[in-house]
Amino acid sequence: MPNQPEQKRDLRPALIFLNGDLFAVPIPLEREEVILGRAIEADVRINDPKVSRLHACISTTYNQQTNDIICTITDLNSRNGTFLNGRRIQGKEILQKGDKITVGTHILKFEMFDEIDREYHWQIRRLLSHDDLTGLLSSRSFFSELRREVARSTAENRNFCVLMIDVDDFKSVNDTYGHLTGSKTIEEVGACISSVMRSGDVAARFGGEEFAAFLLDANLAQGLIAAERIRKAIEEHNFSVIRRGKKSSEFHKITVSIGVSCFPDDSRDPIELVEMADSALYRAKREGKNRVCSYREVSEEELKKMPLLPRRTVDTQDYR
């Protein structure tokens, strides 16, 4: 049988972060121009003080006759310069497959990917950024997303809330039913949290039986309502019991305690917001568990005076 002609791969330009918060993230270069920078309006936002607000531009042109793709990079008069394979660029330079681009402390690799390459890198990124058991973000990825949300909410003058969630007396689950049931319980807790979250909200597993979340465009009143919904969903859920490696007809019950902090009223610093929500969480534990506490103690009258923000068009539900 004669050899079949090799089918040409549909290669598309992309960038891959080789370090930093966006490590292994594939960035498709689908627009004619893609701006790298620290500003909110940059197409690829890099959280790095050594990166200028609008640092560099990558331009992509397509030759319709030859189907060739040409990508060039231009420094946008950045303070610290843009480097290509270790050399500071001057003017416009053509990118070749495998080139390393350095902006600030971040290194990106220029590649030409087909569909399989793109899927492979997204899977790698998912493995690195998500918890295997629950599918929620890892704690490292959560802090990365939280820092970006602080910058966005600061620029747009918006509120958001941080939740810290901990399963009450989780050791008794492992002691009573075994570690397989314990693992299944953690998985189902993650699912309960996700079921209450709106589109765009972010949840993570911090490790063990501790979880975290932040709620976009939510003031303290909305944050407390959402936290109470999570608490109630978990209290009412029938958690699976695993016997001899299989799900049995039995079920068990657990509860959670939740702490809430609010940006910017409590703090504008992402680490402090988590610490404040954690402090509120431990107050909930001290006060008897299976409850929600805010970092700032707020009376019922004050809560009633807090306006509930209008429903966002991307939401699947609102915190009302």
Side-chain angles (χ1 to χ4, degrees), residues 4-130 137-138 140-141 143-145 147-149 151-152 155:
Q4 296 292 325
E6 185 177 347
Q7 188 174 2
K8 190 172 182 180
R9 295 164 66 200
D10 180 24
L11 298 175
R12 300 288 176 176
L15 298 174
I16 294 287
F17 277 86
L18 299 184
N19 65 346
D21 290 340
L22 298 174
F23 175 66
V25 172
I27 309 293
L29 299 174
E30 296 174 342
R31 301 180 185 175
E32 290 184 5
E33 289 190 345
V34 173
I35 305 294
L36 311 180
R38 188 165 42 86
I40 292 287
E41 57 267 28
D43 299 304
V44 180
R45 189 159 176 269
I46 304 173
N47 185 23
D48 182 341
K50 293 187 177 180
V51 172
S52 296
R53 289 178 54 78
L54 301 177
H55 196 103
C57 175
I58 296 178
S59 302
T60 302
T61 57
Y62 293 86
N63 187 320
Q64 299 292 341
Q65 294 180 337
T66 63
N67 287 328
D68 288 335
I69 299 173
I70 299 173
C71 291
T72 59
I73 185 166
T74 307
D75 182 76
L76 299 178
N77 299 315
S78 64
R79 183 177 70 252
N80 294 313
T82 302
F83 294 80
L84 183 61
N85 299 322
R87 173 180 55 82
R88 186 166 185 163
I89 65 174
Q90 303 292 333
K92 183 181 292 186
E93 303 226 9
I94 296 177
L95 292 170
Q96 304 291 337
K97 186 176 185 295
D99 279 349
K100 311 294 192 306
I101 301 165
T102 303
V103 290
T105 60
H106 286 70
I107 302 172
L108 302 93
K109 186 178 181 181
F110 176 77
E111 283 289 0
M112 299 294 292
F113 285 162
D114 62 16
E115 187 176 342
I116 295 173
D117 293 325
R118 289 191 290 272
E119 179 63 22
Y120 167 76
H121 279 279
W122 276 117
Q123 291 297 332
I124 292 294
R125 172 60 183 173
R126 180 170 179 79
L127 288 172
L128 291 171
S129 62
H130 288 72
L137 287 182
S138 65
R140 176 178 176 178
S141 296
F143 277 110
S144 176
E145 292 296 324
R147 283 192 290 270
R148 276 195 281 274
E149 184 54 33
R152 185 189 77 93

Q.
Which residues pass the side-chain contact (heavy atoms from CB on, under 4.5 Å) test with Arg87, not counting sequence neighbours?
A. Leu84, Glu93

Q.
List the residues meeting side-chain contact (heavy atoms from CB on, under 4.5 Å) with Ser52, not counting sequence neighbours, and say none if there are none.
A. His55, Ser78, Arg79

Q: Evaluate the criterion side-chain contact (heavy atoms from CB on, under 4.5 Å) for residue pair Leu15 and Val34; output intermediate values, then yes/no.
A: CA-CA 11 Å; Leu15 298 174; Val34 173; 5.8 Å; no

(Q) Would you compute the distance between atom CD1 of Ile58 and atom OG1 of Thr72 and round it to the nearest 0.5 angstrom? (A) 8.5 Å

**Q.** Main-chain N/O of Ala39 paired with Arg53 side-chain donor or acceptor, under 3.5 Å
**A.** no

Q.
Quick check for you: to the nearest 0.5 Å, what is the distance between Asp43 atom CG and Glu33 atom CD?
A. 9.0 Å

Q. Taking all atoms of both residues into account, what is the closest heavy-atom pair of Thr60 and Pro13, and its distance?
A. CG2-CG, 4.2 Å

Q: Kindly write out the residues that satisfy ring-ring contact (aromatic ring centres under 6.0 Å, His included) with Phe83, not counting sequence neighbours, or none if the list is empty.
A: none

Q.
Given 3.5 Å as the limit, does a donor-acceptor pair link the side chain of Asn19 with the main chain of Thr105, or not?
A. yes

Q | Spacing of Phe23 atom CZ and Ile107 atom CD1 [to the nearest 0.5 Å] | A | 11.0 Å

Q: Look up atom CZ in Phe110 and atom CG in Asn85, then write down how far apart they are to the nearest 0.5 Å.
A: 12.0 Å

Q: Could you walk me through whether Lys97 and Glu111 pass the side-chain contact (heavy atoms from CB on, under 4.5 Å) test, one step at a time?
A: CA-CA 5 Å; Lys97 186 176 185 295; Glu111 283 289 0; 3.1 Å; yes

**Q.** CZ on Phe143 to CG on Leu137, rounded to 0.5 Å
**A.** 12.0 Å

Q) Are side-chain heavy atoms of Ile35 and Leu76 found at a separation under 4.5 Å? A) yes

(Q) Within a 6.0 Å radius of atom CD on Glu32, are there more than 12 heavy atoms belonging to other residues, nucleotides or ligands? (A) no

**Q.** Partner set under side chain to side chain donor-acceptor pair (under 3.5 Å) for Thr74, not counting sequence neighbours
**A.** none

Q: Drop me the distance from Ile69's CD1 to Leu95's CG, to the nearest 0.5 angstrom.
A: 12.5 Å

Q. Does the Asp75 side chain pair with the main chain of Thr82, one donor and one acceptor, at a distance under 3.5 Å?
A. yes

**Q.** Residues forming a side-chain contact (heavy atoms from CB on, under 4.5 Å) with Glu149, sequence neighbours excluded
**A.** Arg152, Ser153, Phe160, Phe214, Leu216

(Q) Within the supplied structure, the quantity of interest is the number of heavy atoms (other residues, nucleotides, ligands) at a distance under 6.0 Å from Arg88 CZ; does it exceed 12? (A) yes

Q: Only counting residues at least two apart or in another chain, list the ones meeting side-chain contact (heavy atoms from CB on, under 4.5 Å) with Asn80.
A: Lys50

Q | Between Arg140 and Ser144, a side-chain donor and acceptor under 3.5 Å | A | no

